[in-house]
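So the structure is just underneath, and the comments pick up after that.
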Amino acid sequence: MSRSAHPAGPRHADVLPEGHYSAPPADLNKLDEKVWSRTVGRDQDGVATVGGITVTRLAEEFGTPAYFLDEADFRARCRAWADAFGKDADVFYAGKAFLSRAVVRWLHEEGLNLDVCSGGELTTALDAGMPAERIAFHGNNKSLAEIEKAVRVGVGRIVLDSFQEIARVAHVAQAQGRRQRVQIRVTVGVEAHTHEFIATAHEDQKFGIALGGGQAAEAVRRALKLDGLELIGIHSHIGSQIFDMAGFEVSARRVVQLLAEVRDEHGVELPEIDLGGGLGIAYTSEDDPREPHEIAKALSDIVTRECGAAGLRTPRISVEPGRAIVGPTAFTLYEVGTVKPLEGLRTYVSVDGGMSDNIRTALYDAEYSVALVSRTSDAESMLSRVVGKHCESGDIVVRDAFLPADLAPGDLIAVPATGAYCRSMASNYNHALRPPVVAVKDGEARVIVRRETEEDLLRLDVG
Ligand code: LLP
């Protein structure tokens, strides 16, 4: 691996162009356990390891860019969520964050349920042996074929997202001679403090049925009348990457109010409420996510209190964390290519991936951390921007980062907390080949999603 020096990049002390960063960390070699998965560390030579394997060996064996998923950490997080919510609640892992057959098996083994939002996710879940009754089926525009399949295989619940869908699912269930368990997704009118594109409970957006104006009450009225449906509860998902529990509290309170109205109008106490996913994780050392047991306690306290006040039996609670389970468990490993210092600005560090393996920075202004992992360095820090190899200036992986000034082509750098919404949102832009996902555990590494090949690209191109 090349260690050739290049002209030192601009140092933080020289310039501080606008950006979202604070002072460089005291120790650039430190891998902050807040943002790295649990089995990550450095060996005696300073090379980062995960599950006991060095990143240099992983890069040799699997190539770069690649996502490395810490299986022990993933399983531990599943258990933490399941334990925190206990027997009287259900945890549904949101498969959109990242889904593969191996992940489905781990979820099954660790006792979690699964939320899917497309026919493709449903097929993956069933193929890997997730019992259908432990699957919830979501989506704001489920196709007829998807609904027919979900009903036929017997998913545990379909979350209804519109008036049309209430009628459609009822019709399909009746035609198949079944009664489908359903929840109604409501928008509670909460402005979650997150990026606009991932906030979902304000009323001016495509998901759910508004509580305001009596829309949700009308949806319940219709669903209760239809023979093909068994209405088991109300669902609310307020957004994603949220740290503040206040939004969940308002959401829970409003959903419970609806349950009370339903009881008053129909004499029916709906037995379940689902408060969705959306719990934030640490992408940088400045983020302070909550632990599952704190979240479980906060949600269960508020639901119990509100139900008590309304004279309702406390319903069974369910939640749908995706990012909070898989996000922290993986990092993306890249090889450094071109290193371009721009005097008075920053150093552009190009890697062998980019927006095709992590679109989140470009799409949501997401912040990430990054570290040199194939060695340690005593060089001073340089303000850097980690960019990809795509033909776009917005192809940024880490907007503002401090990396050692002796960084050189051939070094390996890694971006932690890329387990959620990176591989699942990866694209073939510029005919890039989507990277593999490699599970690492106890000194063993195995590919769970293989790297795409040029043959894969050509196979789809049938013109
Ligand atoms: N339940 C429902 C109904 C959802 O729509 C979502 C996420 C979740 C659960 C899981 O949310 P989580 O716990 O993972 O935050 N691509 C965006 C995130 C979109 C989330 C969409 N729905 C991102 O990369 O930040």
Side-chain angles (χ1 to χ4, degrees), residues 74 77-78 81 85 90-99 103 107 112-118 121 135-142 157-162 165 182-188 190 192-202 205-209 233-245 247-248 251 255 273-283 287 289-290 292 295-296 299 317-330 332 355 357-368 397 415 417-427:
F74 184 96
R77 285 174 197 275
C78 290
W81 278 87
F85 279 83
D90 298 299
V91 180
F92 285 76
Y93 168 77
K96 65 205 79 173
F98 173 65
L99 197 67
V103 161
L107 293 167
L112 262 63
N113 307 286
L114 177 61
D115 139 15
V116 300
C117 66
S118 71
E121 288 185 0
I135 298 176
F137 194 64
H138 272 279
N140 68 301
N141 187 24
K142 304 171 190 77
R157 60 170 80 151
I158 295 182
V159 183
L160 302 172
D161 205 86
S162 67
E165 203 171 80
V182 295
Q183 293 188 337
I184 292 175
R185 176 163 174 178
V186 301
T187 44
V188 292
V190 171
H193 293 187
T194 187
H195 191 281
E196 183 196 345
F197 293 173
I198 50 176
T200 54
H202 53 298
Q205 43 86 25
K206 68 173 184 169
F207 291 108
I209 298 177
I234 302 296
H235 182 286
S236 163
H237 170 76
I238 59 171
S240 207
Q241 184 59 4
I242 299 166
F243 290 104
D244 186 355
M245 292 303 288
F248 289 98
S251 163
V255 170
I273 80 174
D274 190 310
L275 294 170
L279 287 315
I281 63 163
Y283 284 103
D287 295 329
R290 280 163 198 262
I295 296 160
L299 294 182
I317 299 176
S318 50
V319 287
E320 298 169 338
R323 186 192 318 266
I325 291 178
V326 71
T329 67
T332 315
M355 65 195 302
D357 59 70
N358 187 350
I359 189 68
R360 299 194 67 261
T361 307
L363 197 53
Y364 314 117
D365 259 333
E367 286 177 40
Y368 281 92
V397 179
V415 174
T418 57
Y421 304 110
C422 286
R423 180 59 181 81
S424 67
M425 295 175 80
S427 77

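All values reported here derive from a predicted model rather than from experimental measurement. Order of appearance sets the numbers: ligands from 1, and atoms from 1 within every ligand.
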Taking only non-hydrogen atoms of Ala94 and a 4.0 Å limit, the atoms of ligand 1 in range are 8 (C), 9 (C), 10 (C)
The answer for which part of Phe207 has a heavy atom under 4.0 Å from ligand 1 is neither
Under 4.0 Å from one or more heavy atoms of Gly278, ligand 1 contributes atoms 11 (O), 12 (P), 13 (O), 15 (O)
Determine whether Ser240 and Arg323 satisfy the following criterion, side chain to side chain donor-acceptor pair (under 3.5 Å), listing intermediate values before the conclusion. CA-CA 8 Å; Ser240 207; Arg323 186 192 318 266; 2.7 Å; yes
Between Lys96 and Asp115, is there a donor-acceptor pair closer than 3.5 Å when you use the side chain of the first and the backbone of the second?
-> no
Contact region, Arg360 to ligand 1, non-hydrogen atoms below 4.0 Å, reads side chain
Does the residue Ala324 have a heavy-atom contact with ligand 1, meaning some pair of atoms that are separated by less than 4.0 Å?
no
Counting heavy atoms under 4.0 Å, the part of Asp115 that contacts ligand 1 is side chain
Is there any N or O on Pro321 that sits under 3.5 Å from an N or O of ligand 1?
-> no
Per-atom filter on ligand 1: closer than 4.0 angstrom to a heavy atom of Gly277 are 1 (N), 9 (C), 13 (O)
Nearest heavy atom to atom 5 (O) of ligand 1, choosing from Gln241, Lys96, Met425, Arg323, belongs to Lys96
Nitrogen or oxygen atoms of Gly322 and ligand 1 under 3.5 Å apart | yes
Report task. Please confirm whether the backbone N or O of Phe98 pairs with a side-chain atom of Tyr93, one donor and one acceptor, at under 3.5 Å? Result -> yes
Per-atom filter on ligand 1: closer than 4.0 angstrom to a heavy atom of His138 are 3 (C)
Atoms of ligand 1 under 4.0 Å from any heavy atom of Glu320, numbered from 1 in the order shown, are 1 (N), 2 (C), 3 (C), 8 (C), 9 (C), 10 (C), 13 (O)
_Donor-acceptor pair, distance only, cut-off 3.5 Å: does the side chain of Thr418 make one with the backbone of Thr332?_
yes
Regarding ligand 1, does His235 bring an N or O atom to under 3.5 Å of one of the ligand's N or O atoms? no
Ring of Tyr421, cation from Arg360 - is the NZ or CZ under 6.0 Å from the centre and inside 45° of the axis? no
Could you please spell out the steps behind the side-chain contact (heavy atoms from CB on, under 4.5 Å) verdict for Cys78 and Leu107?
-> CA-CA 7 Å; Cys78 290; Leu107 293 167; 3.9 Å; yes
With respect to Tyr421, determine whether any N or O atom, backbone or side chain, lies less than 3.5 Å from an N or O atom of ligand 1. yes
Ligand 1 to Ser240, heavy atom cutoff 4.0 Å, flagged ligand atoms 11 (O), 12 (P), 15 (O), 18 (C), 20 (C)
Donor-acceptor under 3.5 Å (Gln183 side chain, Ile158 main chain): no
Tell me yes or no: between the side chains of Asp90 and Ser318, is some donor less than 3.5 Å from an acceptor?
no
Using only atom types and a distance under 3.5 Å, with no angle test, would you say the side chain of Asn113 pairs donor to acceptor with the backbone of Ile135? no
Note: ligand 1 atoms sitting under 4.0 Å from heavy atoms of Arg185 are 3 (C)
Subject >> Check: His138 ring centroid to His237 ring centroid under 6.0 Å >> reply: no
